[in-house]
Participant: 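Here's a structure for you.
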Protein chains: 2
Amino acid sequence: MKKILLVEDDKSIITNLSEFLTNEGFSVRNAEGQTRALELIGEEEFDLVLLDVSLADGNGFAVCSAIKSEHNTPVIFLTASGDEYSTVTGFELGADDYISKPFRPRELVLRIKNILRLTGGSGTVTKLGDVLVDTVKGTASRNGSDLYLSALEYRLLLVFLNNRGAVLSRNQLLEAIWDIAGEFVNDNTLTVYIKRLREKIEEDPQNPKIIKTVRGLGYKVDL
Amino acid sequence: MKKILLVEDDKSIITNLSEFLTNEGFSVRNAEGQTRALELIGEEEFDLVLLDVSLADGNGFAVCSAIKSEHNTPVIFLTASGDEYSTVTGFELGADDYISKPFRPRELVLRIKNILRLTGGSGTVTKLGDVLVDTVKGTASRNGSDLYLSALEYRLLLVFLNNRGAVLSRNQLLEAIWDIAGEFVNDNTLTVYIKRLREKIEEDPQNPKIIKTVRGLGYKVDL
DNA sequence: CTGTCTGGTGAAAGACTATTTAAAAGAAAA
DNA sequence: TTTTCTTTTAAATAGTCTTTCACCAGACAG
């Protein structure tokens with residue numbers, strides 16, 4: 001199910017659109033202002049953002065820039081009719097479509113589906129706390145800035161990603177990454193890599209929030 | 001220069017739009033009816049089609065279907081305002097955008113540019129930084145002057161082009177280009193080709209901006 | 001409280017990867 | 001055939017990643 005973020009401060013629009021989009025099979029979240037929108041974008045991964053240009057706490061352009069600089073979630077602008085300036089600026093900031101109020105919800109849905117089709121779903125990004133991993137690009141980032149992970153660090157991260165919630169024993173991890181049967185790698189190598197990875201992805205590596213140690217059993221990522 | 005086909009039977013719109021779009025740097029051809037449109041599409045390659053829904057000799061949907069089934073040239077529908085049915089059908093037939101009359105030419109241009117961007121330049125010419133690749137002619141150029149790529153160099157470039165943004169492992173690349181299963185080519189062959197390609201397409205081959213190395217994972221083009 | 005075990009840390013040797021250069025082998029054109 | 005261009009292989013180099021080792025810290029059992 002596609003997740004849509006609706007950034008809009010007109011309550012009646014929120015209510016109507018939310019309902020309509022939900023009925024159309026989308027999962028919708030609302031943000032009533034710029035600040036809240038940026039917060040949510042940092043926390044969750046959306047498939048598409050509907051962005052009102054004129055927000056009470058500032059126009060939507062800042063939000064659009066923020067989105068486009070970090071993720072490349074598609075953005076559709078909602079603007080007051082006749083506001084040509086918005087159209088221009090919106091597209092220049094990388095908006096993917098634009099629809100002017102008042103619009104028929106039905107048309108909006110069509111535009112949403114269309115944009116999702118054109119931008120190719122882009123469902124390769126996974127989130128781990130504030131860390132974003134793009135398995136197609138082979139990159140990981142935190143708060144928008146790239147994490148420079150070595151090949152093994154990256155592979156280790158992927159193993160955790162594919163086994164969220166599960167406790168992985170040292171042996172499992174060793175096998176998953178140093179898979180050459182019979183070949184032995186010093187068990188501590190893993191420990192060292194856990195440390196390195198934590199240093200790069202954790203806010204406070206001494207108190208890891210992402211990769212937790214389960215003493216006697218192994219490690220797990222539970223987010 | 002992008003070639004646009006304008007399918008429209010209202011003479012005044014033809015005149016106005018043609019002039020406006022030409023001024024914006026597009027090359028425009030007109031077709032006053034369905035029949036003529038289909039003819040032109042068969043003869044020439046367009047980068048984008050502007051399609052009026054209500055044509056004297058039948059609605060534009062047939063034209064849209066024809067375009068989408070053969071080429072995948074992007075299509076923007078022009079419809080009478082309030083004609084919701086058209087919107088729905090148009091998108092379902094694979095239209096890429098839709099604008100209702102009366103519209104501001106300026107907005108149309110924005111939508112055109114936007115769609116051209118989203119559909120990846122569509123046509124046959126792709127841009128990679130300052131390198132232009134024409135997949136029909138099988139040529140590449142930089143700053144207007146031709147690049148003389150060998151067959152393998154060109155194929156390598158195409159593989160990157162078709163997988164923009166994605167990290168491609170050495171093996172993937174080897175398979176894509178030296179695809180004979182089981183046959184071994186020295187792994188370094190690839191490295192050498194990367195170097196040669198970089199030497200030809202990069203401004204500063206030592207600091208590649210187009211083909212980036214992702215140590216331990218492979219290479220990628222991310223532009 | 002003490003000893004042992006598990007996991008964390010820092011630093012250094014050397015293993016590996018990617019790059020580069022050069023040249024041999026192969027194909028196509030003259 | 002000779003010439004020229006393309007493709008492949010090989011060997012040297014630079015830099016970074018990986019692995020190991022020695023040591024530290026805290027948990028837990030006796």
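Within every chain, numbering begins at 1; the chains are lettered A, B, ... in the order of the sequence lines, protein sequences first and strands thereafter.
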Participant: Whole-Å distance between C/dT19 P and B/Asn186 CG?
Facilitator: 15 Å

Participant: Please lay out, stage by stage, how B/Arg198 and B/Thr213 fare under the test side chain to side chain donor-acceptor pair (under 3.5 Å).
Facilitator: CA-CA 11 Å; B/Arg198 277 178 174 160; B/Thr213 304; 2.7 Å; yes

Participant: With a 4.0 Å cut-off, would you call B/Glu44 and B/Lys3 a salt bridge?
Facilitator: yes

Participant: Only one of B/Val159, B/Val167, B/Ile194 clears side-chain contact (heavy atoms from CB on, under 4.5 Å) with B/Tyr219; which?
Facilitator: B/Ile194

Participant: Using whole Å, what does the distance between atom C1' of nucleotide C/dA18 and atom CG of B/Leu174 come to?
Facilitator: 14 Å

Participant: Are A/Lys2 and A/Phe26 in a cation-pi setup, meaning NZ or CZ lies under 6.0 angstrom from the ring centre and within 45 degrees of the ring axis?
Facilitator: no

Participant: Measuring from atom CD1 of B/Ile41 to atom CZ of B/Arg36, what distance do you get when rounded to the nearest 0.5 angstrom?
Facilitator: 11.0 Å

Participant: Look at B/Glu153 together with B/Lys200 and state whether they make a salt bridge at an N to O cut-off of under 4.0 Å.
Facilitator: yes

Participant: For the helix from C/dC1-D/dG30 to C/dA30-D/dT1, what angle separates the axis at the start from the axis at the finish, each from five pairs, in steps of 10°?
Facilitator: 40°

Participant: What do the steps show when you test A/Asp146 against A/Thr139 for side chain to side chain donor-acceptor pair (under 3.5 Å), and what is the final call?
Facilitator: CA-CA 7 Å; A/Asp146 270 11; A/Thr139 57; 5.5 Å; no

Participant: List the residues meeting side chain to side chain donor-acceptor pair (under 3.5 Å) with B/Ser141, not counting sequence neighbours, and say none if there are none.
Facilitator: none

Participant: Taking any atom closer than 4.0 angstrom to a non-hydrogen atom of chain B, what span of DNA chain D does the protein reach, first nucleotide to last?
Facilitator: D/dT6 to D/dC17

Participant: How does protein reach along nucleotides 5-16 of chain C, written 5' to 3' as B (base within reach of a heavy atom under 4.0 Å), S (only sugar-phosphate), or - (no contact)?
Facilitator: -BSBBBB-----

Participant: Please list, chain by chain and in numerical order, all residues satisfying salt bridge (Lys or Arg N to Asp or Glu O under 4.0 Å) with A/Lys212, sequence neighbours excluded.
Facilitator: none

Participant: Which sits closer to the 5' end of DNA chain D, B/Tyr148 or A/Tyr193, going by the nucleotide each is nearest to?
Facilitator: B/Tyr148

Participant: Check every strand shown and say whether B/Thr189 touches a base, only sugar-phosphate, or nothing at a heavy-atom separation below 4.0 Å.
Facilitator: base

Participant: Applying salt bridge (Lys or Arg N to Asp or Glu O under 4.0 Å), can you list everything that pairs with A/Arg111, at least two apart in sequence or on another chain?
Facilitator: A/Asp97, A/Glu107, B/Asp97

